[in-house]
Amino acid sequence: MRGAADSRPNAPTLLHVHGAWHGSWCWDRVRSLLAADGWATRVVDLPSAGQEAAGVQEDAREVLRGLEGVEGPVVVVAHSYAGVPVTQVVAEAPGIAHVVHLTAYRLEVGESVLGYHGVAVAPEPRGFRPVPDDPVATFYGDVPQREAEVAVARLVPQSTKSFVEPLTGAGRRAVPSTYVVCERDRALRPALQEDMAGRTAGPVHRLPSHHSPFLSMPGACASLLARIAHDATA
């Protein structure tokens, strides 16, 4: 976990949580822009990205560790798979003022990622889900080619356990939330995002991006996150 100093008195800290196959590195450009504007940010590295034995519960505990020591309110930004462990902990985690689901899963208790998609799962999952065959098209369709290639080189296998472990807690009524639909997403189709946006019972924003606006349009992404964080804690 890493943080940046906050030059905005009483402003919330933004905790960025990455999706499957990725790492905290994917937030670097957005964090730099937010820091330049005086926002405090933190990130975590979810153990399910690269560790076979880690699943939703281990990831949720890592999110909780990312909140330790933060003074004042926190706005958690969950991308893609990260919506699952963030939803798992949000009701019990102290200090969370708001959750942003950035083209993220918003599951209900008893649901899993693969279960949501109607995929049958083994009772004792093992191994990894490999990086998709065409990660550029899947994740980075609107990212400049060279930057996309650099990102692909940093992807790691994702634990199968994280995709089949069901959610055991959900705090959507306890903490306000916002959904950001990425309208050109090929990894999590917009129609599915709209379904999950309906579960947040909060504002819905849209970006004309593929799955990774933090890389393809970091300025617009940072600006939107800052606006949501400001409005959520004003």
Side-chain angles (χ1 to χ4, degrees), residues 1 15-27 43-66 76-93 99 101-141 148-149 151-172 182 185-193 195-196 199 210-212 214-215:
M1 184 278 298
L15 176 66
H16 302 269
V17 189
H18 65 83
W21 298 288
H22 286 68
S24 60
W25 54 264
C26 70
W27 296 108
V43 289
V44 296
D45 283 294
L46 298 179
S48 64
Q51 297 182 32
E52 179 182 357
V56 173
Q57 298 300 326
E58 289 78 11
D59 289 342
R61 287 194 286 271
E62 191 63 28
V63 174
L64 286 172
R65 279 191 284 270
V76 180
V77 182
H79 177 249
S80 195
Y81 159 76
V84 185
V86 167
T87 300
Q88 178 71 38
V89 304
V90 69
E92 63 183 270
V99 176
H101 297 272
L102 177 62
T103 184
Y105 283 91
R106 178 59 188 90
L107 303 182
E108 301 289 359
V109 170
E111 289 184 323
S112 66
V113 171
L114 292 185
Y116 176 81
H117 291 285
V119 178
V121 298
E124 295 185 8
R126 298 182 184 278
F128 287 105
R129 302 284 292 186
V131 174
D133 290 339
D134 189 350
V136 172
T138 302
F139 300 134
Y140 313 125
E149 292 171 355
V152 167
R154 302 186 74 171
L155 299 177
V156 298
Q158 181 73 19
S159 75
T160 299
K161 183 180 178 181
S162 65
F163 278 11
V164 304
E165 192 169 31
L167 199 67
T168 61
R172 72 173 180 175
C182 292
D185 197 334
R186 297 177 184 174
L188 187 58
R189 291 185 289 111
L192 298 179
Q193 294 179 60
D195 173 64
M196 286 182 277
R199 298 178 172 196
H210 286 239
H211 193 62
S212 306
F214 40 77
L215 295 180

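This structure is a prediction, so every number in the text was calculated from the model and none was measured.
Legend: residues meeting side chain to side chain contact (heavy atoms under 4.5 Å, CB included) with Ser112, ordered by chain and number and at least two apart, are absent. Glu58 pairs by the side chain to side chain contact (heavy atoms under 4.5 Å, CB included) definition with Pro47, Ala54, Arg61, Lys161, Glu165, not counting sequence neighbours. Every side chain to side chain contact (heavy atoms under 4.5 Å, CB included) that His79 has, sequence neighbours left out, goes to Trp27, Leu102, Thr103, His211, Phe214. Residues passing the ring-ring contact (aromatic ring centres under 6.0 Å, His included) test with His18: none are found, sequence neighbours excluded. Every residue two or more places apart in sequence or in another chain was checked for a salt bridge (Lys or Arg N to Asp or Glu O under 4.0 Å) with Arg186, and none qualifies. With sequence neighbours excluded, no residue forms a side chain to side chain donor-acceptor pair (under 3.5 Å) with Asp134. Taking Val131 as the reference, Trp21, Pro135, Leu155 meet the side chain to side chain contact (heavy atoms under 4.5 Å, CB included) condition, with sequence neighbours excluded.
Looking only at distances, a side-chain donor or acceptor of Ser159 sits under 3.5 Å from a matching main-chain atom of Ser162. A donor-acceptor distance shorter than 3.5 angstrom exists from the side chain of Ser212 to the backbone of Phe139, with no hydrogens or angles considered. Distance alone, capped at 3.5 Å, is enough to place a donor-acceptor pair between the Arg199 side chain and the Arg106 backbone.
The two residues Gly110 and Pro166 have their closest heavy-atom pair at O-CB, 3.7 Å. In terms of heavy-atom proximity, Val113 sits nearest to Tyr81 at CG2-CD1, 4.0 Å. Nearest approach of Leu107 to Thr87, heavy atoms of both residues: O-CG2, 4.1 Å. Taking each heavy atom of Val63 and Val89 in turn, the nearest pair found is CG1-CG2, 3.9 Å. Of all heavy-atom pairs between Val156 and Gly50, the closest is CG2-N, 3.8 Å. Closest approach of Leu188 and Asp185 over heavy atoms only: N-OD1, 3.1 Å.
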(message) Could you walk me through whether Leu167 and Tyr116 satisfy the side-chain contact (heavy atoms from CB on, under 4.5 Å) test, starting with their C-alpha distance in whole Å, then the side-chain angles of each, then the deciding distance to 0.1 Å, before giving a yes or no?
(response) CA-CA 11 Å; Leu167 199 67; Tyr116 176 81; over 6 Å; no

(request) May I have the step-by-step check of side-chain contact (heavy atoms from CB on, under 4.5 Å) for Cys182 and Gln193, ending in yes or no? (result) CA-CA 8 Å; Cys182 292; Gln193 294 179 60; 4.1 Å; yes

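The structure places OG1 of Thr160 at 8.0 Å from CZ of Phe128, a figure rounded to the nearest 0.5 Å. Taking CG of Asp195 as the reference point, atom CZ of Arg189 lies at 10.5 Å (rounded to 0.5 Å).
Results of the side-chain contact (heavy atoms from CB on, under 4.5 Å) test with Val17 over Val44, Val77, Val99 single out Val44 as the only residue that passes.
Under the 4.5 Å side-chain criterion, counting only non-hydrogen atoms from C-beta, Tyr105 is in contact with Met196.
For His117 and Phe163, the gap between ring centers reaches or exceeds 6.0 Å.
Applying the side-chain hydrogen bond (donor to acceptor under 3.5 Å, both in side chains) test to pairs two or more places apart or on separate chains, those with a residue in residues 46-57 are Ser48-Asp59, Ser48-Gln158, Gln57-Thr168.
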